[in-house]
Amino acid sequence: MTWASWTTVGIHVLPGVVQAEEFGPMQGDLTIHTTWSGHEADLAVQYSGAADWYTLVGSPVPCHSEEDSRSYHQAVVDGVREGERAQDVLKKLARTA
């Protein structure tokens, strides 16, 4: 099985931008992690330095290459940094897969 993962730490997130399935809205200093398993990308979020990870609303998304998974991860990180809702970025990515 082919897989890859990407992690970005220390993303300052404004209210209303990140929503986790198990936790709800999250804001402040967050870490985003993407795991690619060969056919989809799973995105998770945590408060930076915490132990618990939560599934981003909209995850997983179809993803057929390691290169695309890296691009997807960066698109979510960049979008969140710019104030775009993470689930909106994931919807766009799912449509392009």
Q | Linked hydrophobic residues, Val18 as query - side chain contacts closer than 4.5 Å | A | Ile11, Val13, Leu14, Val17, Phe23, Met26, Leu30, Ile32, Leu43, Val45, Tyr47, Tyr54, Leu56, Val61, Tyr72, Val76, Val77, Val80, Val89, Leu90, Leu93
Q. Who are the side chain to side chain donor-acceptor pair (under 3.5 Å) partners of Asp42, not counting sequence neighbours?
A. none
Q.
Nearest 0.5 Å, please: how far is SG in Cys63 from CZ in Arg70?
A. 12.0 Å
Q | Closest non-hydrogen atom pair between Arg85 and Gly16, with its separation | A | CG-O, 3.4 Å
Q) Between Pro60 and Glu40, what is the shortest heavy-atom contact and its length? A) CG-OE1, 3.6 Å
Q. To the nearest 0.5 Å, how far apart are CD in Gln87 and CD in Gln19?
A. 6.0 Å
(Q) Once side chain to side chain contact (heavy atoms under 4.5 Å, CB included) is applied, do any residues pair with Glu66, and if so which ones, sequence neighbours excluded? (A) Ala4, Trp6, Trp36, Ser69
Q) If you take all heavy atoms of Ser48 and Gly10, which pair is closest and at what distance? A) OG-N, 3.4 Å
Q.
Going by side chain to side chain donor-acceptor pair (under 3.5 Å), name the residues that satisfy it together with Thr55, two or more places apart in sequence or in a different chain.
A. Glu22
Q | Side chain to side chain, Gln27 and Pro15, heavy atoms closer than 4.5 Å | A | yes
Q: Quick one: list whatever passes side chain to side chain contact (heavy atoms under 4.5 Å, CB included) with Thr7, sequence neighbours left out.
A: Val9, Thr31, His33
Q.
For the CD atom on Gln74, are there more than 12 heavy atoms of other groups (residues, nucleotides or ligands in this structure) within a distance under 6.0 Å?
A. yes
**Q.** Non-neighbouring partners of Lys92 that pass side chain to side chain donor-acceptor pair (under 3.5 Å), sequence neighbours left out
**A.** Glu84
